[in-house]
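Please read the structure below before turning to the comments.
We name chains A, B, ... by the order of the sequence lines, and we start the count at 1 in each one. What you see is a predicted model; the values in this text were computed from it and never measured.
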Amino acid sequence: LRGAGAGFGMIALAAMLAEQGLLAAEEEANPALNPLAPKPSHRKARARAVIFLFMSGGPSHLETFDPKPELQRLHGQRLPASFGMVKTRRAVDKNKLLATKRTFQKYGQSGIEVSDLLPNLATCVDDLCLLRGCYGDSVTHPESVYLMNTGSILMGRPSLGAWVAYGLGTENQNMPAFAVLPDPGGWVKGGAPAWGNGFLPAAYQGTVLRGGPSPILHLRTPPGISEAQQRRTLDFINRVNQEHLQQRPGETELAARIASYELAFRMQMNAPEVVDVRKESEATRRLYGLDRPETAEFGLRCLLARRMVERGVRFVQLYCGDTNGWDAHSNIEGNHRTLCLQSDRPMAGLLTDLKARGLLDSTLVIWGGEFGRTPMTEGTTGRDHNPHGFTMWLAGGGVKGGQVIGATDAVGLRAAEDKTHVHDVHATILHLLGLNHKHLTFRHNGRNERLTDTAGEVIRSALA
Amino acid sequence: MRWLWLNTLPWIVVFTLAAVSTTGRGADDYAIDPTQENHWAWKKPVRPPVPAVKNATWAQNPIDRFILARLEAAGLRPAAPAGREQLLRRVTLDLIGLPPTPEEIDAFVRDPAPDAYEKVIDRLLLSPHYGERWGRHWLDVARFAESNGYEHDEIRPDAWRYRDYVIQSFNTDKPYDCFIKEQLAGDELYPKDPAAVVATAFNLLGPDMTDATDAAERRQNTLNDMTDTAGLAFLGLTIGCCRCHDHKFEPIPQADYYRLQAFFAPAQFRSDLPTATPEQRARFDAASRAYQALVGPLREETARLEEPYRRQLFEKKLAKLSDEARAAHQTPAAQRTAVQQKLVEKTARLVKVSDAEVLRTMTEADRTRHRQLQEQIRQFDDQKPAPLPMTPGLTDAKDRPARTFVLKAGSLGNPDEEVRPGFPIILTAGHRPVPARITPRSNSTGRRTALAEWVASPDNPLTARVLVNRLWQHHLGRGLVRTASDFGIRGERPTHPELLDWLATEFVVRGWSVKAMHKLMLLSATYQQSAQPAAEASARDPDNHLFSRMNRLRLEGEVIRDSLPAIAGRLDTQMGGPGTFPLIPPEALQGSRAWKVSPDAREHARRSVYIFARRNLRFPFLENFDLPDSNASCPRRERSTTAPQALTLLNDADVVEAAQAFATRVEALATTEEERVTWAYRLALGRRPSADELRLAREFLTQSPFRELCRGLFNVNEFVYLD
């Protein structure tokens with residue numbers, strides 16, 4: 001196979017070598033030539049790659065990471081008047097408080113409490129930095145999904161992954177810089193703009209990946225065309241292009257386009273290998289829960305995430321939960337039990353595996369949804385959206401684990417101590433990647449736009 | 001009538017908050033920094049003299065003298081003229097976005113007439129494909145899309161009418177001042193002209209969260225979007241930067257933003273404006289009468305049949321009401337007191353008789369007759385006239401209390417001083433806020449008319465310059481001002497300020513005719529230069545700052561995609577109408593059910609400008625080639641070079657299919673291999689192959705089928721980069 005591929009590869013390679021000096025310099029001056037060429041960070045980076053585990057629909061902090069004895073005590077009563085007015089999506093502010101049926105237990109050396117829905121992840125708690133005082137700006141799904149992913153409740157701004165790809169490029173040109181693995185049950189509310197490029201060049205947008213032989217759109221040689229033919233045709237294209245370039249010397253855009261065909265060819269060779277987990281050991285497969293029906297699907301995507309960052313992909317985002325996902329307006333028990341069961345072992349497996357391979361130090365893992373859920377009940381068994389206070393966690397990549405930062409109020413309604421806005425979380429993520437959120441800008445319609453708009457403070461206490 | 005959320009707006013809330021807001025620095029107190037006062041773009045362009053040049057014979061028209069004067073000053077010569085075939089390919093793709101046919105190439109190459117090239121330009125400007133190509137450029141600026149975005153991304157069923165309006169406007173060479181007025185105030189100025197009403201959809205093309213929790217916030221977002229876009233699109237002003245505070249870099253105070261927004265404040269955001277032509281309306285009325293003649297008697301009999309049952313049921317329900325309520329219902333509507341009227345409204349639901357109730361109480365015989373009547377009515381359903389067309393767009397109510405406040409930090413909950421409609425003070429005499437002169441019209445407040453008249457005026461220093469610069473940018477590869485929607489202090493200075501002003505004044509002289517400006521630019525020797533620089537030019541003008549050659553342009557995604565079926569001879573040239581849904585590979589649709597493929601496969605080969613513009617699912621082929629995100633006005637597309645682009649052009653099913661059709665076409669045209677290769681080159685690249693290329697192709701064909709040569713040609717650099 002490789003031998004047969006040499007035709008195109010060798011010629012293109014020779015051309016690349018000849019052009020390389022020229023191209024590399026030009027690429028820096030004109031990013032359109034290779035928008036994803038690696039770029040230096042602003043300061044020394046603690047994390048090289050990011051895996052963002054996005055729990056779509058809004059997971060309840062009260063059932064997972066934020067135990068509230070006072071909520072248990074006030075169960076069935078109305079929110080005390082001292083809490084004032086509170087805006088929610090479905091006007092549940094006057095509803096009774098709902099205690100959680102979950103029990104919390106201390107884990108690890110840090111003794112951080114985690115709910116019994118997450119027994120596996122709990123064993124990794126000394127690696128987690130829990131942000132229990134997170135808050136956002138909107139009570140609706142799409143606005144909050146956009147806020148968490150793009151820093152604005154209005155649609156159309158570049159996503160976090162796109163900003164990172166723009167700021168740093170990527171180390172593996174054979175793979176997309178920013179890979180997105182949506183839940184096969186359906187996309188997050190707000191859809192593809194959640195991983196969109198906004199006003200950044202399209203090359204920085206998230207690429208949707210899936211398992212199987214054609215993980216990337218158009219990756220496979222079309223049906224009816226043999227691999228040998230594909231290579232012959234590529235050779236022909238390349239020879240015509242080389243002739244064309246020779247008559248137009250010094251045209252770097254033309255040289256870059258020749259190089260892009262070489263890249264495409266390598267992507268075609270490499271990408272299927274990245275998503276092919278057959279060579280992973282039984283132990284590894286078990287670690288991610290690939291052996292169990294309830295965890296196999298999300299486990300596979302977690303394993304793919306590790307394989308990708310291992311190969312230099314810059315930013316991987318996994319969505320857990322279909323379009324409704326964690327959005328438990330009713331039956332929070334059943335809903336969260338199912339989704340925790342689905343994600344607990346794979347996430348623990350991911351952290352354990354990254355650590356064992358020495359990748360956790362350089363890989364930032366993020367967990368969170370678009371918001372948390374209200375302590376007030378919706379109906380009798382559900383909880384409404386709560387952007388006023390919720391939990392996220394960070395692990396690896398320069399994060400100081402085994403600690404809790406921030407707290408919600410007594411019933412878990414609002415962030416109350418060491419509050420961290422979504423902008424702060426974003427600023428911290430960029431900081432860990434060696435990027436200053438105030439300096440990572442892109443001029444658009446007259447304004448130097450940035451992910452954090454005019455806000456954002458790095459959460460210093462989260463840093464190792 | 002369907003209304004958007006407008007009527008439910010809590011204006012009173014805004015008003016109340018304003019009353020208690022603290023007054024900070026007054027909106028009139030802004031002092032313009034004297035160093036920013038004299039920026040070139042704030043001053044009306046004055047027609048400069050055309051410069052003298054040494055090599056006067058090179059110049060084809062005044063444009064060239066401006067360009068050449070700078071080249072000569074730099075000691076440079078322009079590039080040689082492009083070859084005939086190169087020039088024809090360039091100008092054809094530039095004006096209509098489709099490659100020239102071999103017949104057109106032959107005709108041009110063989111035409112010895114001195115005006116052969118001019119005739120080509122005239123022919124292309126008359127092609128309906130011209131509007132499809134240049135309309136698309138405007139759609140980028142207008143952030144055109146046909147769905148709402150956010151979670152539900154609902155379809156806007158009539159948004160395509162705006163796309164067609166734009167294409168039509170370019171094709172008919174609508175004067176640009178009129179094009180502006182129609183989009184900003186077509187409903188006020190030309191209420192009888194359906195096209196002008198459609199034009200106002202321009203203001204509503206941005207994203208919209210239809211299920212927003214806060215209706216006032218939702219309306220404010222839309223107002224912001226239309227204010228920002230009007231500033232960028234027509235004026236090249238980044239006024240959106242002053243929504244929250246005074247502009248950091250331009251002499252534009254925050255109050256200017258809200259003064260501009262105040263022109264839009266009385267607008268109602270509609271999705272259901274009638275847009276029928278008088279003929280359509282006449283046809284509809286006739287069809288309605290004909291239909292009524294058929295079903296009228298049947299409906300009357302139905303009513304007669306139902307009447308006693310209906311009355312009986314009503315009486316029964318009425319008897320259950322209080323004496324007062326009963327009396328109120330029994331009083332004829334015109335004679336009811338206000339209290340009675342309220343009472344009737346309140347209890348209407350209790351006495352309402354449903355069709356189902358009527359049917360239930362009927363005798364068997366009456367019910368049978370009823371059923372027969374309904375069946376007979378249904379038989380005429382196919383003769384029911386289709387509803388009249390509607391369009392999104394703006395209207396204005398004269399009596400609407402439209403007050404606009406400066407919003408602190410852009411927040412609706414934080415209103416400051418009230419402002420009146422007015423123009424950015426840097427563009428007013430004396431740099432003071434001058435309330436715009438507004439004449440209320442019979443159908444509206446007249447505010448947007450005042451704005452439109454000011455924007456579309458020859459006295460506006462920005463309008464003409466911004467548009468001629470956009471035209472120049474698309475023809476020459478970059479604008480005279482590189483930041484095409486930012487003519488402010490932070491924007492880039494024009495590389496040829498005199499030329500820009502000459503073009504701007506010429507544009508007005510020529511009655512704002514866009515086609516006249518195309519012709520002027522295309523006939524210039526500057527445009528006709530080769531992309532190969534003269535030796536000294538590549539060293540001393542490496543970035544082509546001086547236009548010492550043609551910029552080598554990569555074709556846009558639409559042009560690449562439309563060229564495929566055009567070359568294969570299977571382009572569907574049907575114009576206009578609702579958007580089409582070509583095939584999207586299932587892996588790109590993963591998890592999204594937002595795309596219902598058009599059942600008629602021929603439609604898939606329509607021009608890309610007709611592909612349904614879904615906000616949350618950009619068409620992948622075009623997205624790959626830098627189709628802009630439609631959430632904000634896009635002045636200039638990115639031109640990236642990526643591996644996914646290569647994968648798309650190599651492996652996309654449409655490309656493979658087009659290559660097959662291309663091969664079939666060529667095989668029917670010629671019998672020998674040499675002839676076939678020649679045809680393939682002429683169709684795909686607009687020229688004959690050289691002897692070397694012929695040899696290379698034939699060598700390739702010893703092992704590969706002809707369709708692979710065709711697929712290969714779709715992928716070579718020359719196919720996507722113009723000489």
Side-chain angles (χ1 to χ4, degrees), chain A residues 32-35 89 139-143 154-156 182-184 186-187 189-193 196-199 201-203 207-208 210 214 216-222 225 229 232-233 236-237 239-241 243-245 248 250-251 253-254 256-258 260-261 263-264 267-268 445-447, chain B residues 149-151 153 207 209 211-213 221 232 238 240-241 485-486 488 490-491 532 538 552 554 585 587-588 590-592 616-617 620 623-624 626 629 631-633 635 638-648 650-653 656 692-693 696 700 703-704 708 711-712 715-718 721:
Chain A
L33 295 181
N34 178 10
R89 176 66 169 169
V139 297
T140 72
H141 286 290
E143 288 182 319
L154 299 177
M155 81 177 287
D183 192 288
W187 281 1
K189 289 183 178 175
N197 54 293
F199 44 72
T207 300
V208 172
R210 53 175 201 171
S214 185
I216 299 172
L217 193 58
H218 298 131
L219 191 67
R220 291 191 84 176
T221 298
I225 295 172
Q229 181 59 55
R232 277 196 295 274
T233 304
F236 172 73
I237 294 164
R239 288 180 67 181
V240 172
N241 282 345
E243 286 292 319
H244 182 257
L245 179 63
R248 292 157 186 80
E251 294 262 5
E253 283 197 41
L254 299 178
R257 191 165 182 277
I258 293 173
S260 78
Y261 273 72
L263 275 183
M267 216 181 237
Q268 209 159 357
N445 283 339
R447 192 164 180 256
Chain B
Y150 289 97
E151 177 178 345
D153 200 27
M209 184 160 149
D211 61 341
T213 314
N221 285 339
L232 292 165
T238 60
C241 300
S485 286
D486 185 0
R490 276 268 279 195
Q532 302 278 68
S538 56
R552 191 177 303 282
R554 198 206 76 198
E587 57 264 47
Q590 192 190 44
S592 170
N616 287 8
L617 189 73
E623 185 179 42
N624 245 326
D626 305 303
D629 170 74
N631 295 311
S633 178
E638 291 294 332
R639 223 173 61 192
S640 66
T641 300
T642 65
Q645 286 169 2
L647 289 172
T648 301
L650 280 169
N651 298 340
D652 185 272
V656 176
D692 279 350
E693 285 167 331
L696 179 64
F700 173 65
Q703 285 189 71
S704 304
E708 282 298 296
R711 187 164 70 107
N715 278 275
V716 298
N717 279 355
E718 192 177 340
Y721 273 97

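Interface residue B/Glu718: backbone and side-chain heavy atoms are both found under 4.5 Å from chain A. Both the backbone and the side chain of B/Thr213 have a heavy atom closer than 4.5 Å to some heavy atom of chain A. Only the side chain of A/Met267 comes within contact range of chain B, with at least one heavy atom under 4.5 Å from a heavy atom of that chain. Using a 4.5 Å cut-off between heavy atoms, A/Val240 touches chain B through backbone and side chain atoms alike. When heavy atoms are compared at a cutoff of 4.5 Å, B/Tyr721 approaches chain A solely by way of its side chain, counted from C-beta outward. Of the atoms belonging to B/Leu232, it is side-chain heavy atoms, and not backbone ones, that fall under 4.5 Å from chain A.
The line from CG of A/Leu254 to CG of B/Asn717 is 5.0 Å long, rounded to the nearest 0.5 Å. Atom CZ in A/Arg220 sits 10.5 Å away from atom CG in B/Asn651 (nearest 0.5 Å). Here B/Glu638 contributes atom CD and A/Phe199 contributes atom CZ; the two are 11.5 Å apart, rounded to the nearest 0.5 Å. Going from atom CG of A/Asn197 over to atom CD of B/Glu623 covers 7.0 Å, rounded to the nearest 0.5 Å.
Counting heavy-atom pairs under 4.5 Å between each of B/Thr238, B/Asp652, B/Asn715, B/Val656 and chain A puts B/Asn715 at the top. Note: B/Val716 leads B/Asp486, B/Val716, B/Asp211 in heavy-atom pairs under 4.5 Å with chain A. Counting heavy-atom pairs closer than 4.5 Å to chain B, the top-ranked of the candidates A/Pro201, A/Ala202, A/Ala203, A/Gly196 is A/Pro201. Interface check for chain B: of the options A/His141, A/Arg447, A/His244, the most heavy-atom pairs under 4.5 Å are formed by A/His244. Considering only heavy-atom pairs separated by less than 4.5 Å from chain B, the leading option among A/Gly191, A/Ala192, A/Gly156 is A/Gly156. The residue among A/Thr207, A/Leu154, A/Thr140 with the most heavy atom pairs within less than 4.5 Å of chain B is A/Leu154.
B/Pro644 is linked by a side-chain contact (heavy atoms from CB on, under 4.5 Å) to B/Asn624, B/Thr642, counting only residues two or more places apart in sequence or in another chain. Take A/Thr221 and apply the side-chain contact (heavy atoms from CB on, under 4.5 Å) test, not counting sequence neighbours, and it matches A/Ile225, A/Glu227, A/Gln230, A/Gln268.
Each of B/Asp629, B/Asp153, B/Asn616 was compared with A/Met155 under the side-chain contact (heavy atoms from CB on, under 4.5 Å) criterion, and only B/Asn616 meets it.
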Determine, step by step, whether B/Arg552 and A/Glu253 satisfy the salt bridge (charged side-chain N to carboxylate O under 4.0 Å, His left out) criterion, reporting the C-alpha distance in whole Å, the side-chain angles of both residues, the deciding distance to 0.1 Å, and the verdict.
CA-CA 9 Å; B/Arg552 191 177 303 282; A/Glu253 283 197 41; over 6 Å; no
